[in-house]
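Scope of the values below: all heavy atoms of this structure, side chains included, with no hydrogens, waters or symmetry mates. Remember, predicted model here, so these are calculated numbers, not experimental data.
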Amino acid sequence: MGPWAGADLAAKLIRECESNCDQDYIPFVLATVPNNTSERSDFLMGRTNITPAYGIVHALKELEMLQASIIGIPCNTSHAPEIYTQILMQIDKLGLQLKILHIVDEVMIHLRCYHPYVENIGILSTVGTRLSNIYPDALEQSGYNALSLNEIQAVKLHEAIYDPEYGLKSRQFPATALACKIVRECADDLIKQGAEVIILACTELPLAIRESLLDGVYIIDSTLVLARAMIKSLEPGKLKPWHLKNPGRETRVELG
């Protein structure tokens with residue numbers, strides 16, 4: 001989706017794979033076609049009536065032609081029901097034989113497996129993802145209490161992602177100091193609210209927060225979770241073990 005987010009997913013597919021040589025890595029194809037896909041948040045905010053589903057499905061058709069079978073879409077906002085339902089309908093209509101891993105569902109599986117005893121989980125996302133309510137709904141269904149930014153902070157975070165001068169989606173890399181400052185201020189706000197875990201519910205946010213712990217609070221990188229789920233789905237024996245920074249704090253729960 002966002003080019004940097006796609007590159008980040010590709011890097012994590014490599015990093016999380018057990019290997020001793022080139023031939024040990026899993027095969028994957030990265031499709032980056034932003035010019036064909038309308039902006040997801042703009043669609044959910046009513047700024048465009050062109051659904052991003054068209055561009056996404058076009059990329060999926062090309063991926064299947066390249067023999068891809070398992071798909072990860074590194075964009076949380078594209079999993080909003082208003083977009084994701086259209087993707088599934090078009091896939092069914094075209095008869096594509098693809099298994100798409102739903103990034104929000106995979107984050108919920110990760111939480112239940114590695115953080116089953118926490119209660120309060122903070123969410124950092126775009127305004128589009130916020131409007132869709134996909135994370136609060138999923139968290140509440142899983143028995144967690146969802147914590148969100150207030151509207152002013154949510155808009156600031158959105159600008160830290162999208163602003164053409166300093167935003168994470170801009171041409172600047174690494175992430176600008178201002179974008180990182182805003183993202184961390186928003187994370188601090190959630191920690192003050194009592195967040196025990198914070199989900200980076202936008203795949204550009206790992207460009208600004210690379211730590212897995214902030215002030216003792218676990219940071220869940222949705223891109224990393226998706227990468228690990230893709231490896232596990234394709235070749236589970238090649239997935240590296242998951243290591244918590246403070247393994248005494250949480251207990252791993254085996255899920256069937």
Side-chain angles (χ1 to χ4, degrees), residues 1-12 30-53 55-56 59 73-80 82-83 103-104 107 122-136 146-193 195 198-211 214-215 217 219-224 226:
M1 304 303 295
W4 286 120
D8 189 39
L9 175 63
K12 286 166 180 170
L30 173 62
T32 302
V33 285
N35 55 312
N36 290 333
T37 308
S38 59
E39 173 45 53
R40 280 71 63 200
S41 285
D42 282 353
F43 177 72
L44 295 175
M45 296 165 72
R47 294 175 177 174
T48 178
N49 59 2
I50 301 174
T51 175
I56 293 170
I73 304 174
C75 170
N76 286 271
T77 312
S78 68
H79 291 75
E82 298 91 330
I83 300 171
I103 194 169
V104 180
V107 170
I123 307 162
L124 295 177
S125 73
T126 64
V127 168
T129 298
R130 176 186 173 92
L131 289 172
S132 73
N133 222 44
I134 49 175
Y135 270 98
L147 302 178
S148 300
L149 300 171
N150 62 41
E151 189 169 345
I152 293 174
Q153 286 289 84
V155 171
K156 283 183 64 177
L157 179 62
H158 188 85
E159 291 173 351
I161 297 168
Y162 282 93
D163 187 275
E165 296 299 324
Y166 64 86
L168 297 171
K169 283 182 175 289
S170 76
R171 61 184 178 274
Q172 301 182 53
F173 186 82
T176 64
L178 179 56
C180 291
K181 179 176 181 290
I182 293 171
V183 173
R184 288 172 181 272
E185 285 175 352
C186 291
D188 288 342
D189 181 78
L190 292 173
I191 293 171
K192 289 174 183 176
Q193 290 185 48
I198 293 175
I199 300 170
L200 302 183
C202 168
T203 48
E204 266 80 31
L205 290 176
L207 302 175
I209 296 181
R210 296 186 176 274
E211 300 93 331
L214 278 181
D215 295 331
V217 172
I219 303 297
I220 305 300
D221 175 350
S222 59
T223 307
L224 177 59
L226 180 61

Restricting to non-hydrogen atoms, name the atom on [X] and the atom on [Y] that form the minimum distance, rounded to 0.1 Å.
{"X": "P52", "Y": "I83", "value": "CG-CD1, 3.9 Å"}
{"X": "G122", "Y": "A195", "value": "N-CB, 3.9 Å"}
{"X": "P74", "Y": "A5", "value": "O-CB, 3.8 Å"}
{"X": "I50", "Y": "T48", "value": "N-OG1, 3.2 Å"}
{"X": "P136", "Y": "A146", "value": "CA-CB, 3.8 Å"}
{"X": "A179", "Y": "A160", "value": "CB-O, 3.8 Å"}

For residues [X] and [Y], determine if any side-chain heavy atom of one lies less than 4.5 Å from a side-chain heavy atom of the other.
{"X": "S170", "Y": "P164", "value": "no"}
{"X": "L224", "Y": "P206", "value": "no"}
{"X": "L147", "Y": "I123", "value": "no"}
{"X": "F43", "Y": "T51", "value": "yes"}
{"X": "L157", "Y": "L124", "value": "yes"}
{"X": "L200", "Y": "I220", "value": "no"}
{"X": "L168", "Y": "W4", "value": "no"}

Pairing donors with acceptors under 3.5 angstrom, does anything connect the side chains of [X] and [Y]?
{"X": "T203", "Y": "T223", "result": "no"}
{"X": "Y162", "Y": "E39", "result": "yes"}
{"X": "T126", "Y": "T129", "result": "yes"}

Hey, could you give me the [atom1]/[atom2] distance between [X] and [Y], rounded to the nearest 0.5 Å?
{"X": "K12", "Y": "L9", "atom1": "NZ", "atom2": "CG", "answer": "8.5 Å"}
{"X": "S41", "Y": "L131", "atom1": "OG", "atom2": "CG", "answer": "8.0 Å"}
{"X": "L44", "Y": "E82", "atom1": "CG", "atom2": "CD", "answer": "5.5 Å"}
{"X": "L226", "Y": "I103", "atom1": "CG", "atom2": "CD1", "answer": "4.5 Å"}
{"X": "K181", "Y": "K156", "atom1": "NZ", "atom2": "NZ", "answer": "6.5 Å"}
{"X": "I161", "Y": "D163", "atom1": "CD1", "atom2": "CG", "answer": "11.5 Å"}

Pairing of D221 and R210 as salt bridge, 4.0 angstrom limit: no
With a 4.0 Å cut-off, would you call D188 and R184 a salt bridge? no
Treating [X] as the side-chain partner and [Y] as the backbone partner, does any N or O pair qualify as donor plus acceptor under 3.5 Å?
{"X": "T176", "Y": "Y166", "result": "yes"}
{"X": "N150", "Y": "Q153", "result": "yes"}
{"X": "R130", "Y": "L149", "result": "yes"}
{"X": "Q193", "Y": "S148", "result": "yes"}
{"X": "D215", "Y": "V217", "result": "no"}

For L30, look at atom CG and say whether over 12 heavy atoms of other residues, nucleotides or ligands are found less than 6.0 Å away. yes
Could you walk me through whether I56 and I73 pass side chain to side chain contact (heavy atoms under 4.5 Å, CB included), step by step? CA-CA 9 Å; I56 293 170; I73 304 174; 4.0 Å; yes
Check step by step if side chain to side chain contact (heavy atoms under 4.5 Å, CB included) holds for L205 and V183. CA-CA 8 Å; L205 290 176; V183 173; 3.8 Å; yes
Determine, step by step, whether V104 and Y135 satisfy the side chain to side chain contact (heavy atoms under 4.5 Å, CB included) criterion, reporting the C-alpha distance in whole Å, the side-chain angles of both residues, the deciding distance to 0.1 Å, and the verdict. CA-CA 7 Å; V104 180; Y135 270 98; 3.8 Å; yes
